[in-house]
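Report on one structure; see the data block that follows.
Throughout, protein chains are lettered first and strands after them, A, B, ... in sequence-line order, and every chain is numbered starting at 1.
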2 protein chains.
Amino acid sequence: MKHTTIKDVAKRLNVSISSVSRAFNDKYDIKKETKELILKTAEEMGYHPNPIAQKLSQKKTFNIGIVVPEFVNEYYSEIIIGIQEVFISHGYQVLIMQSDENADQELANVKTLINNMVDGLIIAPTMESNNMNFYLKQYQKGYPIVFMGRVEESLPASKVLFDNKKWSFFATEHLIRQQYKKIYHLSGYKNLSVSNDRIQGFLKAMDKHKIPKENYKVIEGGLMAKHGIAIVEDLIYKNDLPDAFFCFNDLMAFGVIKRLKSNGLRVPEDIAVMGFTETQMAELNTPQLSSVKQPTFEMGKKTAELLLKLIDKGPEQPETIILNGELNIRESTLNEKVTDNT
Amino acid sequence: MKHTTIKDVAKRLNVSISSVSRAFNDKYDIKKETKELILKTAEEMGYHPNPIAQKLSQKKTFNIGIVVPEFVNEYYSEIIIGIQEVFISHGYQVLIMQSDENADQELANVKTLINNMVDGLIIAPTMESNNMNFYLKQYQKGYPIVFMGRVEESLPASKVLFDNKKWSFFATEHLIRQQYKKIYHLSGYKNLSVSNDRIQGFLKAMDKHKIPKENYKVIEGGLMAKHGIAIVEDLIYKNDLPDAFFCFNDLMAFGVIKRLKSNGLRVPEDIAVMGFTETQMAELNTPQLSSVKQPTFEMGKKTAELLLKLIDKGPEQPETIILNGELNIRESTLNEKVTDNT
DNA sequence: AAAATCATCGGAAACGTTTCCGAAAACGGT
DNA sequence: ACCGTTTTCGGAAACGTTTCCGATGATTTT
């Protein structure tokens with residue numbers, strides 16, 4: 001467990017500590033031969049610079065922190081993988097913490113990460129809370145922070161967003177084109193900006209195609225399958241089922257499909273169901289689920305690159321990157337009566 | 001960005017640096033009043049000890065590293081959450097790296113983590129490779145390492161395992177009791193010890209119930225849905241379909257179900273399908289998938305606790321924890337002709 | 001040949017803690 | 001009033017780097 005230090009290497013070669021340091025850091029003021037000699041014997045001695053000492057000396061931790069609501073589902077996992085790819089290749093290590101969809105936990109996580117002196121932070125907030133004030137204050141004090149996902153476009157900081165309104169619109173329009181007449185949107189929690197964006201997209205499509213008000217509805221759901229199940233349950237009880245459901249995410253869609261089937265209803269023959277934020281199960285489910293695929297990996301990479309720039313070059317004009325998705329039509333929203341499937 | 005240091009606090013109160021340190025570290029040799037005074041003014045000045053400096057001084061990084069094959073699927077995500085819960089509450093930060101089911105990548109990850117001087121390592125190997133020699137050598141040199149999952153019971157180091165053989169046996173026996181006569185096991189890669197354990201369990205059940213050799217088969221699959229699909233495809237082509245499939249994991253089971261359905265076969269009426277390592281989709285799929293639930297969260301916690309002990313108390317007798325699961329019977333393996341569903 | 005430049009290196013401060021060692025102060029007992 | 005403890009504290013070394021500053025000798029310029 002005894003580590004060989006820079007001193008050991010220096011002593012062995014009868015050179016100074018500074019020379020060894022210079023050799024390892026590619027400095028100009030060292031002769032080529034001595035540098036090579038140093039590197040060679042250091043290699044032989046199994047010397048690796050102690051990262052902690054380097055960090056102390058350089059006043060950088062080469063750690064960055066990520067706070068996400070959760071990473072059990074694929075969405076944030078994939079984003080994290082994208083982030084890691086960028087940072088690890090730049091010599092950083094990534095600390096991941098989850099807020100469990102809880103604003104207090106989120107704030108606590110951010111504070112631990114700051115106390116651990118991470119060089120930068122990526123925050124995917126669970127919801128708009130007054131935490132944002134704290135985060136923004138840190139950002140304005142010069143702490144490098146980049147936001148991701150559930151924040152408003154007006155936020156005065158760099159961020160990477162998905163164009164929820166647009167793709168919600170496209171998804172809804174697809175349902176309309178498939179000639180589903182009565183369409184219900186099961187939204188996410190309404191205190192999430194993404195939920196509202198998708199509601200906006202839904203309503204915009206309704207408006208454009210002049211669907212009468214009694215033929216559509218927005219019902220507040222949540223994030224999980226059980227929310228979809230509960231809502232369908234309720235609608236069955238009220239005898240108020242639509243032709244098509246457009247769900248906030250795939251998980252809710254799976255819940256909806258399950259509950260419909262257990263009531264003897266077929267998807268899509270009786271009722272169509274559309275998801276959002278595509279999961280790998282969309283293809284494997286019966287029926288295969290139509291959904292909107294978000295470019296998770298790319299979102300992670302872009303976010304990481306923004307933060308890296310912020311760390312290296314200091315604060316400049318905040319940048320907002322809005323990414324596009326992909327509407328993947330599958331069995332669950334195909335109306336057999338419609339031949340033109342555009 | 002200018003941090004207040006221990007010196008600033010000391011100077012302000014005209015005490016020594018050591019006293020401030022003592023106050024923060026709950027040392028005995030400091031008067032209660034001065035300690036409180038120091039803590040109060042430190043608080044006022046917004047002083048937090050610099051963790052990097054602490055780490056350098058204490059020769060500990062308070063970082064631990066985890067290497068997993070992947071964390072897109074729920075299995076490792078949940079394990080990681082269990083690990084984090086233990087370590088974060090003990091003041092550690094957790095560095096997570098994924099090997100992408102690639103042994104070289106895995107080794108590289110372990111080496112980066114060691115170079116980053118993590119205080120301990122949790123390795124969930126992708127497969128038995130000669131990496132194990134390297135890991136064991138580090139372990140024997142005194143580096144705290146705990147293994148998880150895909151390792152053999154004979155490995156001379158602390159580890160947390162799932163009793164794959166036992167639960168594979170139970171799962172298979174359930175299929176036999178449901179009077180499925182011809183049962184095929186789609187295994188995982190045969191260079192994984194877990195695959196072999198589950199094969200053993202499968203064969204043991206066949207043996208116990210004296211199933212004739214021509215009525216069962218072990219087919220090497222993999223880890224993903226597409227492997228299940230490909231195998232079913234092949235069996236259909238060869239006209240060699242069984243009454244029931246027992247799959248290495250849920251993902252393969254979903255692939256199997258999908259491919260069977262697209263051939264007009266019903267699950268479970270025509271063919272039953274059983275998964276393993278239960279996912280949240282098992283309940284939501286149609287039909288609901290029978291599977292074996294692994295105690296992922298607990299596995300994470302146990303692993304973390306083993307490592308924590310290893311770090312704190314040094315190497316003792318290696319400990320092996322083998323955890324039990326839960327056989328969850330659902331629609332996909334219920335034979336309507338059988339009334340006694342035990 | 002003197003002066004200026006350049007390449008190469010060593011010494012030491014600095015980064016911000018913890019901790020060892022010893023000293024001063026307070027205290028109790030005789 | 002003296003001595004031995006105990007309590008409380010300060011000084012300084014140590015952790016392992018990076019980097020600034022200056023020194024030395026070699027090389028080039030005038």
Side-chain angles (χ1 to χ4, degrees), chain A residues 1-39 41-43 45-63 91-93 114-119, chain B residues 1-39 41-43 45-63 91-93 114-119:
Chain A
M1 285 310 270
K2 183 60 175 42
H3 273 116
T4 66
T5 76
I6 198 172
K7 271 183 201 165
D8 302 325
V9 181
K11 203 171 291 169
R12 174 88 98 87
L13 289 174
N14 265 329
V15 296
S16 72
I17 288 178
S18 6
S19 292
V20 181
S21 175
R22 274 188 274 259
F24 269 85
N25 293 19
D26 256 344
K27 286 295 163 73
Y28 63 96
D29 56 347
I30 186 167
K31 214 199 306 179
K32 208 171 170 198
E33 292 92 50
T34 55
K35 173 175 160 182
E36 278 162 3
L37 179 65
I38 288 173
L39 289 181
T41 63
E43 168 76 33
M45 298 174 70
Y47 166 72
H48 292 280
N50 180 325
I52 304 285
Q54 287 180 314
K55 288 166 182 179
L56 181 61
S57 189
Q58 297 177 166
K59 298 166 147 222
K60 273 193 75 171
T61 62
F62 285 97
N63 281 155
Y92 285 79
Q93 288 291 335
I114 290 181
N115 283 346
N116 272 279
M117 305 193 93
V118 290
D119 293 336
Chain B
M1 284 311 269
K2 184 57 174 42
H3 273 114
T4 66
T5 75
I6 198 172
K7 272 182 198 164
D8 302 325
V9 181
K11 203 171 291 171
R12 174 88 98 88
L13 289 174
N14 265 329
V15 295
S16 71
I17 287 180
S18 5
S19 292
V20 180
S21 176
R22 275 188 275 258
F24 268 85
N25 292 15
D26 257 344
K27 287 295 162 74
Y28 62 96
D29 56 347
I30 186 168
K31 212 200 308 177
K32 209 173 172 197
E33 292 92 50
T34 55
K35 172 174 161 184
E36 278 162 3
L37 179 65
I38 288 173
L39 290 181
T41 63
E43 168 77 33
M45 297 174 71
Y47 166 72
H48 292 280
N50 181 326
I52 304 284
Q54 287 180 313
K55 288 166 183 179
L56 181 62
S57 188
Q58 297 177 171
K59 298 163 148 230
K60 272 192 77 170
T61 63
F62 285 99
N63 280 154
Y92 286 78
Q93 288 291 335
I114 290 181
N115 283 344
N116 271 280
M117 305 193 91
V118 290
D119 292 336

Phosphate contact ([N] OP1 or OP2) by [X] side-chain N/O below 4.0 Å:
| X | N | answer |
| --- | --- | --- |
| Asn50(B) | dC15(C) | no |
| Ser16(A) | dG11(C) | no |
| Lys55(A) | dC15(C) | no |
| Tyr47(B) | dT17(C) | yes |
| Ser57(A) | dT18(D) | no |

Distance in angstrom units between [X] [atom1] and [N] [atom2], rounded:
| X | N | atom1 | atom2 | result |
| --- | --- | --- | --- | --- |
| Ile6(B) | dG11(D) | CD1 | P | 14 Å |
| Ile17(A) | dT8(C) | CD1 | P | 21 Å |
| Lys60(B) | dT19(C) | NZ | C1' | 17 Å |
| Phe62(A) | dT17(D) | CZ | C1' | 13 Å |
| Ile30(B) | dA25(C) | CD1 | P | 18 Å |
| Lys59(B) | dG16(C) | NZ | C1' | 17 Å |
| Phe24(B) | dG16(C) | CZ | C1' | 13 Å |
| Leu56(B) | dT19(C) | CG | P | 12 Å |

## Note on the structure
In B/S/- notation (B base, S sugar-phosphate only, - none; protein heavy atoms under 4.0 Å), nucleotides 21-28 of chain D written 5' to 3' is --------

### Query
Can you list every pair that meets side-chain hydrogen bond (donor to acceptor under 3.5 Å, both in side chains) and has a residue in residues 9-20 of chain A, with sequence neighbours left out?
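Passing the test, one end in residues 9-20 of chain A: Ser16(A)-Ser18(A), Ser16(A)-Ser19(A).
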
How long is the straight-line distance from [atom2] of [Y] back to [atom1] of [X], given to the nearest 0.5 Å?
| X | Y | atom1 | atom2 | value |
| --- | --- | --- | --- | --- |
| Ile52(A) | Leu56(A) | CD1 | CG | 9.0 Å |
| Asn63(B) | Lys55(B) | CG | NZ | 5.0 Å |
| Thr61(A) | Asn116(A) | OG1 | CG | 8.5 Å |

### Message
Using only atom types and a distance under 3.5 Å, with no angle test, would you say the side chain of Asn25(A) pairs donor to acceptor with the backbone of Lys27(A)?
### Response
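No; zero donor-acceptor contacts below 3.5 Å.
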
### Query
Around atom CD of Glu43(A), are there more than 12 heavy atoms of other residues, nucleotides or ligands at under 6.0 Å?
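Result for CD/Glu43(A): open.
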
### Message
Counting only heavy atoms not in Lys60(A) (residues, nucleotides, ligands), do more than 12 fall under 6.0 Å from its NZ?
### Response
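Enclosed.
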
Minimum-distance nucleotide (side-chain atoms of [X] versus [options]):
| X | options | result |
| --- | --- | --- |
| Lys27(A) | dC15(D), dT19(D), dC15(C) | dT19(D) |
| Lys31(A) | dC9(D), dT17(D), dC9(C) | dC9(C) |
| Val15(A) | dT17(D), dG16(C), dG10(C) | dG10(C) |

### Query
Looking at dG10(C), does its base get a donor-acceptor pair with the side chain of Ser19(A) below 3.5 Å?
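Checked by distance alone, the answer is no.
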
### Task
Starting from the 5' end of DNA chain D, give me the residue, Lys7(A) or Ser18(A), whose nearest nucleotide shows up first.
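Here Lys7(A) is the residue nearer the 5' end.
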
### Message
Side chains of Asp119(B) and Tyr92(B), heavy atoms from C-beta outward: is any pair under 4.5 Å?
### Response
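A side-chain contact under 4.5 Å exists here.
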
